[in-house]
Colleague: 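Mind having a look at this structure? Questions to follow.
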Amino acid sequence: MSVVTRFAPSPTGLLHIGGVRTALFSWLYARRHGGKFILRVEDTDRERSTDEAVRVIVEGMQWLGLAHDEGPYFQTARFPRYQEVIAQWLAEGKAYRCYCTKEELEQLRTEQMARKEKPRYDGRWRDRTDSRPGVDPVIRFRNPLEGEVVVEDQVHGRVVFRNSELDDLVIARGDGTPTYNFCVVVDDADMGVTHVIRGDDHLNNTPRQMNMLAALGAKIPVYAHVPMILGPDGAKLSKRHGAVSVLQYEEDGYLPDALLNYLVRLGWSHGDQEVFTRAEMVAAFDIADVNKSASAFNPEKLLWLNQQHLMHSDPATVVPYLKPHLARVGIDIATGPGADDAFLARIVVAQRERVKTLKEMAQASRYFFGEAVELDAKAATKHLSDEGREVLTALRATLEGVTDWTAAPLNAALNAFATARGIGLGKVAQPLRVAVTGNTISPPIDLTLELLGRERSMARLDRALQP
RNA sequence: GCUCCUUUCGUCUAGAGGCCCAGGACAUAGCCCUCUCAAGGCUGUAACACGGGUUCGAAUCCCGUAAGGAGCGCCA
């Protein structure tokens, strides 16, 4: 059997990491088994669905590199198909019209709650054939009254529900539009979905869906309900923490592979391995190894992983992700000593050990671009004092004599200079660093000089030495 | 309230009856390295929710309890 998985977000809120993780699991499972991954947008709630949310889903998935093999399908485009099934079920008696008013149902619920019962529809129109003028009926699915539905869940194991706990759910509203649980069933059946991987908040919906799938004569897919992601405080994921648009992570300077790596390790592990490339994830992932309990989102670990990916990736692959961040901090690449991708790749290598995000990398790389540099007042006071200036003045002559402006010779010259003067390298490197970068932090001074180039380095040194 | 789900260091997890007075990772503390910041190395602090069983032996099996979560919509 060929595997077909799907990611079916609803565009009523912006796609966030919770959704991304279920998408990732579905994608991983399909890739791992050489199957098909479908993207389906569940937009039956026209009131709350927004174009913005659809955009985030499509762009987000694209940024993440979770490519779908089919779709995106939109449920609103499939209404005729849903109507067809409803008409058929009505004819076959698998569904029926219910003329209850909302007030009536509200009253029923209130009474049941008062009796400490689980509120549910009591089936009062289940066997009626008359109608009630003035009320647009809803269509309800005729759920079996007896027996059990057994979900053989890949992560939770065997979960049993009694049909007596289930009521006849609404599959079409008074205005004729179909509802979520019903659309899911028709879609999963029509699209040949073999593995349904979704959040475990849907576990309770599963028996109803299985009953409808049976009514449709469709094969029951394999279910895997993965635990939810909690906020760092252990509470439900909120806007304040993590429940932001997945595109926010791009803006914050994360690499898609790092975010995916972080997310896959939430509720899943493979021995002691923490860092996974995309290929490693695909090779090692199995839905059956996913944990059952919810896990808290930990921003620090995401940050750490992002740096791990920055450090272990081929720098050339990082450059395209860095560029937008350079632009965002106002850097014009053309004003650097090298305006090509190769130069940017060298910056990536030089900076990646000292930053955790691409955003930080861009901010920390300002001095590699533009001609002059602005000296940080505090740094200048400390390192460009009389003593520092005296050292730099002498050093200037030494640097003039360096013919091969690359890290190794520069390093040798700097060390020889310090040794000759009987001072530590720190007394030389720090004033020089402040002079050429404007501040006290940069990659090793020899590499910094090399990347800046001879001309730019000397010009900045001279400028710093001016009274 | 009813139904369903969950419970190992602060956090993510390893652990499928003896290998565990519980291992790894993030975070945190200290040390080392060092031209800055980092990265890296070493060391430390820190957990089996609780109570009963079963067993020679339980984090692992069983039963309760507690706590957290989800669902119970003409939302998805």
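Every chain is numbered from 1 and lettered A, B, ... according to where its sequence line falls, protein lines coming before strand lines. Keep in mind that what you see is a predicted model, and the values were worked out from it rather than measured.
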Colleague: Does a side-chain N or O from H156(A) land closer than 4.0 Å to OP1 or OP2 of U6(B), or not?
Modeller: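 So the side chain of H156(A) is within the cut-off, an N or O lying under 4.0 Å from OP1 or OP2 of U6(B).
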
Colleague: Kindly indicate, with the supporting measurements, whether the criterion side-chain contact (heavy atoms from CB on, under 4.5 Å) is fulfilled by M228(A) and D200(A).
Modeller: CA-CA 7 Å; M228(A) 315 192 59; D200(A) 66 7; 3.3 Å; yes

Colleague: To the side chain of N298(A), which of G73(B), C35(B), U11(B) is closest?
Modeller: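 The closest nucleotide is U11(B).
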
Colleague: Does Q112(A) put a side-chain nitrogen or oxygen below 4.0 Å from OP1 or OP2 of C2(B)?
Modeller: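 Answer is no, no contact under 4.0 Å.
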
Colleague: What's the CZ-P distance between F161(A) and C72(B), to the nearest Å?
Modeller: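 Value for this atom pair: 12 Å.
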
Colleague: Ignoring backbone atoms, establish whether R265(A) has a side-chain N or O less than 4.0 Å from OP1 or OP2 of U13(B).
Modeller: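 For U13(B), OP1/OP2 do not have a side-chain N/O of R265(A) under 4.0 Å.
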
Colleague: If you measure from the P atom in C12(B) to the same atom in G69(B), how many Å do you get, rounded?
Modeller: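 Looking at atom P only, C12(B) and G69(B) are 15 Å apart.
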
Colleague: Considering only side-chain heavy atoms of M311(A), which listed nucleotide, A76(B), C35(B), G40(B), is closest?
Modeller: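 Nearest to the side-chain atoms of M311(A), counting from C-beta on, is G40(B).
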
Colleague: Should K116(A) be listed as having a side-chain N or O under 4.0 Å from OP1 or OP2 of C2(B)?
Modeller: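 For K116(A), the contact criterion (side-chain N or O under 4.0 Å from OP1 or OP2 of C2(B)) is not met.
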
Colleague: In terms of side-chain heavy atoms of I445(A), which of C35(B), C74(B), G23(B) is nearest?
Modeller: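 From the listed options, C35(B) comes nearest.
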
Colleague: Does K382(A) put a side-chain nitrogen or oxygen below 4.0 Å from OP1 or OP2 of U36(B)?
Modeller: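 No, K382(A) has no side-chain N/O under 4.0 Å of OP1/OP2 on U36(B).
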
Colleague: Determine: side-chain N/O of S442(A) to OP1/OP2 of C37(B), distance under 4.0 Å, yes or no.
Modeller: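 Checking S442(A) against C37(B): no side-chain N or O falls below 4.0 Å of OP1 or OP2.
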
Colleague: Given C4(B), C72(B), U36(B), which nucleotide is nearest the side-chain atoms of P119(A)?
Modeller: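 The answer is C72(B), which lies nearest to the side chain.
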
Colleague: Which sits closer to the 5' end of RNA chain B, T44(A) or N204(A), going by the nucleotide each is nearest to?
Modeller: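 Going by which nucleotide is closer to the 5' end, it is N204(A).
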
Colleague: Do other residues, nucleotides or ligands put more than 12 heavy atoms under 6.0 Å from the CD atom of E374(A)?
Modeller: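 Counting other residues, nucleotides and ligands, CD of E374(A) stays at 12 neighbours or fewer.
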
Colleague: Please classify the nucleic acid contact of Q308(A) as base, sugar-phosphate, or nothing, using heavy-atom distances under 4.0 Å.
Modeller: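 Counting heavy atoms under 4.0 Å across all strands, the contact made by Q308(A) is with sugar-phosphate only.
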
Colleague: Out of C74(B), C35(B), A76(B), which nucleotide sits closest to the side chain of A429(A)?
Modeller: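 Out of C74(B), C35(B), A76(B), the nucleotide with an atom closest to A429(A)'s side chain is C35(B).
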
Colleague: Taking OP1 and OP2 of C12(B), is either one under 4.0 Å from a side-chain nitrogen or oxygen of N291(A)?
Modeller: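 Result: no.
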
Colleague: Among R124(A), R126(A), R142(A), R120(A), which residue meets the salt bridge (charged side-chain N to carboxylate O under 4.0 Å, His left out) test with D168(A)?
Modeller: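 Of R124(A), R126(A), R142(A), R120(A), salt bridge (charged side-chain N to carboxylate O under 4.0 Å, His left out) with D168(A) is met by R126(A) alone.
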
Colleague: Per the atom types in the model, does the base of C72(B) pair as donor or acceptor with the side chain of R120(A) at under 3.5 Å?
Modeller: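 No.
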
